[in-house]
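Remarks on the structure that follows.
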Amino acid sequence: MDISPLLSGLNDAQRAAVAAPLAPTLVLAGAGSGKTRVLTHRVAWLVQVEQVSAHSILAVTFTNKAAGEMRSRIESMLHVPSAPLWIGTFHGIAHRLLRLHWRETNLPQAFQIMDADDQLRAIRKLLKARNMDEARWAPKEVMWFINARKDEGQRAGQLKDEGDPTRREFIRLYAAYQEQCDRSGIVDFAELLLRVYELLRNNPDMRAHYRRRFRHVLIDEFQDTNTIQYAWLKLLTSPDPETSPGGLPFAVGDDDQSIYRWRGARVENLHQFQRDYPGVQLFRLEQNYRSTGNILSAANALIANNSGRLGKNLWTSGEQGEPVRLYTAFNERDEADFVINQLRDWIDKGGRRDECAILYRSNAQSRTFEEALLSARIPYRVYGGLRFFERAEIKDALAYLRLIFHRADDASFERIVNLPTRGIGLKTLDTVRDYARANTCSMWEAAGACIAELGARAGSCLHAFLALIDLLDQQIRALPLFEQVDHVIHASGLLAHYRQERGDRGEARVENLNELVTAARNYEPDTEDAMPPLASFLAHAVLESGEQQADAWEDSVQMMSLHSAKGLEFPLVFLTGLEDGLFPHLRSLSDAEGLEEERRLCYVGTTRAMRQLYLTYAEQRRLHGQDNYAAPSRFIREIPPEFIEEVRPRIQISRPVYMPRGKAPAALREDTSAMGIQLGQRVRHGKFGEGVVVDIEGQGNHARVQVNFEQHGSAKWLMLTYANLEPV
DNA sequence: CCAGTTTTTACTGGG
DNA sequence: TAAAAACTGG
């Protein structure tokens, strides 16, 4: 076997990790050190050199994007289809296992997955049913409690209230919530993992089977694993006295990039791994191939403020590059305008738009940038935020399909029972709900039973709804998937309902619904699992809520939250909104742990940049309709000044880069420069004497300039046409 | 019961 | 600001 292609192009540390002997392995891989390369090459190495069957390899990631990338890279390296390999997210793999073993876990075959949105809805409903005040029992708190317990592998039954009445109530709610989910055959995200864990734990045969099967478990972003995910790994890779000598985990992680503590991730798993697998081989990847020296130095200095790091010395042999640039904006509009002007420069110099990324702490910040990009006619693409399958109209359509597929799905029932309105009001639903609760049955069953005792009018409306669902069910049985979707959105009246909605909004919704049909048409179910296509499609919709939007192929500026930027790299990066309270976020400021996580997030952001990094913050920012004034982020101060260059066009006039209000800079430059006026220009005025142009606004006859006159206290705005300024 | 209006509330992050 | 919830007249 010629192993050179597998190892060529790798540095010593990478090569050592890829070709490591078959033993538990931990790779500490700094940002931009070739982590994904090592993982994919290791898989190829196992298959081609160690002659390991692709069947016995399980590769787990956290995001669909990472899983997809790994799969395609491995495919192109091995030149064979990667189907026998199991590659996926934790949730995707758990789902697959549950579809295979639904009987053993007491799930109905048609079980459905609910996303966080559905979960919150379910909890609200539960609180209402128990007459609990939402002000006292915040649904989000309850949800957080339940998910945190599940992430730790705990069921309501094994929790103690510790004499705390609040906790006691939370535990009760957890139990009631779970009962409700079980009854309607619904699992939430955390439940997917917990179920599989319990399946393996309680079922020795199955455990032995999967231990034998998956001897090689590769895990990406190991620092982000939570308790249950780690417990999973241990169950899969522990030795089985009779059947298996123990699996060979290959974990890759970076403690400095641990940014998911809030969803239960435990960096300590990196330490625990070394204790649990004695003789673990440790490799460190410390050479960074991504960023310039300045960017890397800034990032290193920043992260050095964290305590308890495993310690890494990230270095590069590349050039120093440009300094990191810092821009202080007046407000968020100004911040966006600045970014747009830099983008224009980049593009004018022949750069590609998709080489540029605008990163922000929270998705809400994207709007200002979107508006600015839109008016500047620069194509862009927003990742995250509201995704396709999370749109209300799409969830409505999916709810019809889910209810048709699985009548016990109460959440879907409630969602669409009166959408479009069909005369089934709150009072009717209360009756049905009461009945369902009293008889512990599904809303569907309760509705059937209630018709008789309801008034004639309400009863017939309800009956019509039940009949509609049954009818749809019959009608679509034999149809191919996309026609099922198409038929349901038409025959349910959903499409007509949204068509009536006036304005662009309704139009967009109709478009989205049609897009759903297209998505169904293009959907290719996993060949291996023998689910009905509809079930598979529904699960796909929840698990991969649809990253790709239209125009994905067009060269466009990339916008995303810092969290979703992890694992990516861009030549030009804007790290925006660096204000205390926004980033670091207000809710993380109070405890040291939270602050350190924010700092790691900032570290992740800075290390995305390859050639040029801009940091920006606004002195004034409008948040939920109110003006806020925040101090610059403490993270800016933590980067030594020698790596940072401040861009202050209004004061530091030597850099005429700033053009206000998003006016086309080329035109403006021509316009004003024709009169010999540009930013930073010294001018003389008949009355006010000499001064410096610090701002230009408008064009042609409307052009105004702001001039800082020496004699005059403050800067003055002058109409260019009347001021008769002479360049000096 | 419905549709439109006013009031309230909330905004961290992802599978 | 904008979505969700509460309210109100038909």
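Here is how names work: the chains are called A, B, and so on, in the same order as the sequence lines, proteins then strands, and each is numbered from 1. All values below come from the heavy atoms of this structure, side chains included, with hydrogens, waters and symmetry mates left out.
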**Request:** Give a yes/no verdict on a cation-pi contact between Arg415(A) and Phe413(A), requiring under 6.0 Å between NZ or CZ and the six-membered ring centre and an angle within 45° of the axis.
**Result:** no

**Request:** Would you kindly give the CD1-to-C1' distance between Ile259(A) and dG15(B), to the nearest whole Å?
**Result:** 14 Å

**Prompt:** At under 4.0 Å, does any side-chain N or O of Thr63(A) touch on OP1 or OP2 of dG14(B)?
**Reply:** no

**Message:** Going by centres under 5.5 angstrom and planes under 30 degrees, do the aromatic ring of Trp262(A) and the base ring of dG13(B) stack?
**Reply:** yes

**Asked** OP1 or OP2 of dC1(B) sitting under 4.0 Å from any side-chain N/O of Thr428(A)?
**Response** yes

**Prompt:** Is Glu393(A) paired with Arg391(A) through a side-chain N to carboxylate O contact shorter than 4.0 Å?
**Reply:** no

**Request:** Ignoring backbone atoms, establish whether Arg587(A) has a side-chain N or O less than 4.0 Å from OP1 or OP2 of dG13(B).
**Result:** no

**Complete:** Taken to the nearest whole Å, CD/Glu191(A) to P/dG14(B) is 23 Å

**Prompt:** Between dG15(B) atom C1' and Tyr260(A) atom OH, what is the distance in whole Å?
**Reply:** 9 Å

**Prompt:** Taking only side-chain nitrogens and oxygens of Ser561(A), does any of them come within less than 4.0 Å of OP1 or OP2 of dG14(B)?
**Reply:** yes

**Asked** Quick one: Lys150(A) NZ to dG15(B) P, roughly how many Å, whole number?
**Response** 19 Å

**Presence of Asn363(A) side-chain N/O under 4.0 Å of dG14(B) phosphate oxygens OP1/OP2** = yes

**Rounded distance (Å) that lies between atom P of dG13(B) and atom CZ of Arg263(A)** = 13 Å

**DNA chain B-proximal residues of residues 453-467 of chain A, any heavy atom under 4.0 Å** = none

**Message:** Please give the stem ranges for DNA chain B, sorted by first residue number, where a stem is three or more consecutive Watson-Crick or G-U pairs and both donor-acceptor distances are under 3.5 Å.
**Reply:** B:1-10 with C:1-10

**Asked** Rounded to the Å, how far apart are Lys395(A) NZ and dA4(C) P?
**Response** 11 Å

**Prompt:** Hey, do the aromatic rings of Tyr260(A) and His563(A) have their centres closer than 6.0 Å?
**Reply:** yes

**Request:** Using whole Å, report how far CE of Met114(A) lies from C1' of dG14(B).
**Result:** 16 Å

**Asked** With respect to the side chain of Lys427(A), which nucleotide from dG13(B), dC1(B), dA3(B) is positioned closest?
**Response** dC1(B)

**Request:** Ignoring hydrogens and angles, tell me if any N or O in the side chain of Asn331(A) forms a donor-acceptor pair with the backbone of Ala618(A) under 3.5 Å.
**Result:** no

**Message:** If the cut-off is 4.0 Å, is Asn418(A) near the phosphate of dC2(B), judged by side-chain N/O to OP1 or OP2?
**Reply:** yes

**Prompt:** What is the distance, rounded to the nearest whole Å, between atom NE2 of His540(A) and atom P of dG15(B)?
**Reply:** 13 Å

**Prompt:** So, do Phe111(A) and Trp102(A) have ring centers that fall under 6.0 Å from each other?
**Reply:** no

**Asked** Looking at Tyr383(A), does the NZ or CZ of Lys65(A) lie under 6.0 angstrom from its six-membered ring centre and within 45 degrees of the ring axis?
**Response** yes

**Prompt:** Between Phe405(A) and Arg402(A), is there a cation-pi geometry (under 6.0 Å to ring centre, at most 45° from the normal)?
**Reply:** no

Could you go through residues 456-468 of chain A and list every donor-acceptor pair under 3.5 Å that involves a side-chain atom there, pairing it with any protein atom two or more places apart or in another chain?
residue   : atom : partner   : partner atom : Å
Ser460(A) : OG   : Ala456(A) : O            : 3.4
Ser460(A) : OG   : Arg457(A) : O            : 3.0

**Prompt:** Is a side-chain donor or acceptor of Glu579(A) paired with a backbone partner of Ser633(A) at a separation under 3.5 angstrom?
**Reply:** no

**Message:** Tell me whether the side-chain N/O atoms of Lys140(A) come closer than 4.0 Å to OP1 or OP2 in dC11(B).
**Reply:** yes

**Asked** Centroid-to-centroid, Tyr210(A) to His101(A), below 6.0 Å?
**Response** yes

